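What follows is one structure encoded as C-alpha cells, with my remarks underneath.
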Number of protein chains: 2
Amino acid sequence: MTKEIPNALLGDVARAAGVSTASVSRVLNGAPHVSQRLRERVEAAIDKLGYVPDGAARALASRRIGAIGVLVPTLDNPVFSAWIDSLEQRLKHHDCRLLIATYRYDLDDEFAALRTLIQQGVDGVVLLGHDHREESIDLLQRRRLPFLTCWHNVNDPDCPCVGFDNALPARQLVEHLLTLGHRRLAVISAPTRTNDRARARLNSFLKTAEQAGYPISPGNIITVEYGIAEGAEAFEELMTRPQPPTAILCGNDTLAFGVMLAAQRSNKKIPEDVSITGYDNLPQSPFMNPPLTTVAVPAQALGDLVADAIIARINGNPSPHHQQLEAPLVIRRSTGPSTSG
Amino acid sequence: MTKEIPNALLGDVARAAGVSTASVSRVLNGAPHVSQRLRERVEAAIDKLGYVPDGAARALASRRIGAIGVLVPTLDNPVFSAWIDSLEQRLKHHDCRLLIATYRYDLDDEFAALRTLIQQGVDGVVLLGHDHREESIDLLQRRRLPFLTCWHNVNDPDCPCVGFDNALPARQLVEHLLTLGHRRLAVISAPTRTNDRARARLNSFLKTAEQAGYPISPGNIITVEYGIAEGAEAFEELMTRPQPPTAILCGNDTLAFGVMLAAQRSNKKIPEDVSITGYDNLPQSPFMNPPLTTVAVPAQALGDLVADAIIARINGNPSPHHQQLEAPLVIRRSTGPSTSG
DNA sequence: TTGTATGCGTTATCAG
DNA sequence: CTGATAACGCATACAA
C-alpha cells in the first residue's frame with residue numbers, strides 16, 4: 001500500500017516544526033543567522049515528512065537553477081565523454097549540476113538546443129569549439145548569460161575561451177614525419193565544415209608540409225565521418241594510389257585505429273611499410289600494436305578548468321578571457337623512418 | 001552595446017500582439033481552438049521581442065517539465081553512450097528532453113542523483129539494471145513517478161523492465177567454446193558487486209562450464225575494473241598459470257580488446273594459442289585482428305524501446321511490465337578449435 | 001474562439 | 001534571529 005498523502009510542501013514542514021516558511025527556507029539554503037534549535041526542529045520535520053523541495057518553484061523564486069548547460073557535438077567520441085565526466089565531477093564540488101545536450105555537429109541543432117537550455121534556466125553555458133551560429137552567441141550575450149567556449153584557442157573578443165592550440169601539435173606531427181624521411185604524406189580528416197578543431201588540424205598538416213617543400217597531393221587528402229570503419233576504408237583507398245603514401249596523418253585516434261587495423265589486415269607493417277599518427281591519445285592508443293604516435297589532448301584537465309572558469313563567471317569573479325593548455329606530442333612506435341626508395 | 005531591455009515576458013508578448021496572456025500561452029503550447037489570425041499575430045510578436053518562455057515558471061504552473069531523467073553508471077563505456085544517444089533522439093520525437101546523471105556504479109550516488117532529478121521535476125525516470133538501493137525504488141513509488149529499469153530481464157513486480165537476458169548469451173558462448181574442444185576456460189569479469197548485468201554474465205559462464213563437467217578453476221576467474229589496460233594486465237596474469245587457459249571469456253568488449261592486444265604483444269596467436277570472447281559488440285569489434293567473437297547487445301534498439309515505453313507510462317498509456325530484446329551471439333574469428341594437446 | 005483571475009511552491013524583502 | 005507577505009512567470013479553470 002502506497003501512502004495516499006500528497007507530497008509534503010515547505011509549508012507543511014513549517015507547520016510541523018512550528019516555525020515560519022521563511023525559516024524553513026533559510027535552513028534549506030544554509031542561510032546564516034539561524035539558531036541551532038530552530039535548525040534542528042526544521043530538519044527533523046523535513047526527515048519526518050520526507051520533504052523534497054520543488055526545483056521549479058525554487059528556480060522561479062530565486063532565478064537560478066544550480067546547473068549549467070553544455071553543448072557537445074556527440075557523446076560517441078570517448079574524448080568527449082571523458083571530458084564531460086571530469087567537467088561534471090568538478091562542477092559537483094561547486095554544488096552545480098550539468099545538463100548535457102548533443103547536436104551532432106549540426107549548428108542549427110546546436111542553436112535549438114541552446115534555446116532549450118536557456119529555457120530551462122541554466123545559470124551558464126559551455127560551448128565546444130569556435131564554430132557556432134551567430135544567433136547563438138547573440139542570444140547568450142543579449143541574455144547576459146555567463147558562457148564559455150573551449151577546445152579551441154581562437155582569441156575572439158566575443159567568446160571567452162579555455163582551450164588548446166589544435167594547429168601546433170599538428171605541425172609538430174608533420175615535422176616529426178619529415179624528420180624521419182617521409183616525403184609522401186597523406187591525411188585522413190574528419191569533416192571540417194562545422195568543426196573548427198578538425199579544420200585547424202587539417203590546415204596545419206597541409207601548410208606545414210607545403211612550406212617544407214613536400215605538399216600533400218589532393219589525392220592523398222581524404223575526408224570521412226568519424227569511425228573505425230571509415231578509417232579502415234580510407235586506408236584501403238589510399239593504398240590504391242600509384243604511389244601510396246609512406247605516412248598517414250589521422251585527424252583523430254579513432255580514425256587511426258581503423259587505419260592500423262586495416263593495415264594489419266592487408267599485411268602492411270607499421271611503421272616499416274607505413275607510419276601512422278593519431279590525435280587525442282585515447283586510453284587504447286598506448287595498447288595498439290604498435291603503440292600509436294598521437295597528440296595528448298588534455299580532456300580531463302580541460303574539464304576541471306572549464307568548470308572552475310564558468311563557476312567564476314557565474315559568481316561574477318574575474319576569470320581570464322583566454323586560457324590555454326598544452327597538448328603535447330606522444331611519440332610511440334607507429335611512426336618510424338621512411339624505408340621507401 | 002548590449003541592449004538594456006530586460007528579457008521579454010509572456011505579458012509583453014500579449015501586449016505587443018494586443019491579446020490576452022492566455023492566448024499567448026495557448027499559441028505557445030499549440031492548444032486547439034486558436035484562430036489563424038491570432039496565432040500569427042502572437043508569433044510575430046514573439047519573434048519581434050525575441051521572447052523565450054521561462055521553463056521554471058512553466059514547470060511550476062503546469063507540473064511537468066518535458067524531460068525525463070536517466071541514471072547511467074558512466075558515459076565512459078561506448079555501449080552506454082550509444083544507448084543514451086538513441087534514447088535522446090527518440091525522446092526528441094516525443095517532444096521530450098533527457099537529463100543525464102552518472103553515478104559511477106555507486107548506488108548511494110545513484111540515490112542522491114535520483115533525488116536531484118526528482119527535485120528538478122522530471123516527468124519520468126529511467127534506471128539501468130536491477131541493482132539499486134531500496135530507497136530509490138521507494139522514492140519513485142511514493143512520488144508515483146513513472147519509471148523504468150532496463151538492460152536486465154529480472155521479472156520484478158516492483159520494477160517495470162525493458163531489457164535482455166544477460167545470462168543466455170553467456171551460456172551460449174561457453175557452449176560454443178566447449179564445442180570447439182576447449183577444456184581450460186578463464187573468465188575476466190567487471191566488478192559485480194553493484195552490477196547485476198556483470199554478475200549474471202559471470203554466473204552464467206561459471207555455471208554452464210561446471211554443468212558441462214569442466215568447471216573453471218578459481219585461479220582462472222579474474223575481476224578487474226573496466227578498461228583496456230585492465231584487460232591486458234589480466235591476460236598477462238592468466239599466462240603465468242602453470243596450465244594457461246586455452247580460451248578466455250571477457251565480461252565486455254573493452255576488456256577483450258585489452259586481452260587481444262596483450263596477446264598480440266606477447267606473440268600469442270588468436271585463436272590458435274588462445275580463443276577470446278567479448279560481450280557488447282562495439283563498432284570496433286569486427287575490425288579487430290582477428291574479428292572478435294562477442295554478443296550483440298541491442299543498445300540502439302533498447303534506446304528506442306525505452307523511450308517509447310517511458311513516454312507511454314507518462315501519458316498513462318498501457319505499457320508491458322516486462323519487455324525483452326534479443327542479444328544474439330556474433331561468432332567471428334577470435335574463437336577457434338582448441339589445439340592444446 | 002478569447003479574456004479574466006487565481007494558484008503553482010519557493011525565495012526574498014521587509015518589519016519586528 | 002524570526003515571521004508575514006509580496007513577488008517570481010506562466011498555465012488553466014472558468015466566464016464571456
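The analysis underlying the following values was restricted to heavy atoms, covering all of them including side chains, and did not include hydrogens, waters or symmetry mates. Since this is a predicted model, take the numbers as computed values, not measurements.
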Taking atom types as modelled, find out whether B:Asp308 and B:His94 have a side-chain donor-acceptor pair closer than 3.5 angstrom.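 Result is yes, a qualifying pair exists.
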Below 3.5 Å, can you tabulate the donor-acceptor pairs from side chains in residues 20-27 of chain B to any protein atom, sequence neighbours excluded?
from	atom 1	to	atom 2	distance (Å)
B:Ser20	OG	B:Ala22	N	3.4
B:Ser20	OG	B:Ser23	N	3.2
B:Ser20	OG	B:Ser23	OG	3.3
B:Ser25	OG	B:Asn29	ND2	3.4

May I ask you to list the residues of residues 34-47 of chain A, by number, that have any heavy atom positioned under 4.0 Å from an atom of DNA chain D?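 A:Val34, A:Ser35, A:Leu38 - these, ordered by number, are the residues of the stretch whose heavy atoms sit under 4.0 Å from the strand.
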Could you check B:Asp123 against B:Cys96 for side-chain contact (heavy atoms from CB on, under 4.5 Å), going step by step and ending with a plain yes or no? CA-CA 9 Å; B:Asp123 303 323; B:Cys96 181; 5.6 Å; no
Going by ring-ring contact (aromatic ring centres under 6.0 Å, His included), name the pairs with one or both residues in residues 100-145 of chain B, residues two or more places apart or in two chains. B:His130-B:His152
Protein-to-nucleotide contact annotation, 5' to 3' order, nucleotides 8-16 of chain C [B base; S sugar-phosphate only; - none; under 4.0 Å, heavy atom]: BBBSBB---
Taking the side chain as every heavy atom from C-beta outward, state whether B:Phe147 and B:Ile137 have any atom pair closer than 4.5 Å. yes
Indicate yes or no for a side-chain donor-acceptor contact from A:Asn315 to the backbone of A:Asn317 under 3.5 Å, with no hydrogens or angles considered.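 No, because the side chain of A:Asn315 does not come within donor-acceptor range (under 3.5 Å) of the backbone of A:Asn317.
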Can you check whether B:Val126's main-chain N or O pairs, donor with acceptor, with B:Thr149's side chain at less than 3.5 Å?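 No, B:Thr149 side chain to B:Val126 backbone: no donor-acceptor pair under 3.5 Å.
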A:Leu10 and A:Val13: side-chain contact (heavy atoms from CB on, under 4.5 Å), yes or no, with the steps? CA-CA 5 Å; A:Leu10 185 140; A:Val13 176; 5.6 Å; no
So if I apply the side-chain contact (heavy atoms from CB on, under 4.5 Å) rule between A:Val125 and each of A:Leu145, A:Ile310, A:Val70, which one comes out positive? A:Leu145
Any salt bridge between B:Asp54 and A:Arg63, counting N to O under 4.0 Å?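 So B:Asp54 pairs with A:Arg63 through a salt bridge.
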Axis bend over the full length of the helix from C:dT1-D:dA16 to C:dG16-D:dC1, computed from five pairs that close each end, to 10 degrees: 30°
Check step by step if side-chain contact (heavy atoms from CB on, under 4.5 Å) holds for A:Asn77 and A:Val72. CA-CA 10 Å; A:Asn77 189 330; A:Val72 58; over 6 Å; no
Step through the shown structure and confirm whether more than 12 heavy atoms of other residues, nucleotides or ligands are within 6.0 Å of CD on A:Gln300.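 No, because the 6.0 Å sphere around CD of A:Gln300 holds 12 heavy atoms or fewer from other groups.
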Earliest and latest nucleotide of DNA chain D, 5' to 3', sitting under 4.0 Å from a non-hydrogen atom of chain A? D:dC1 to D:dG9
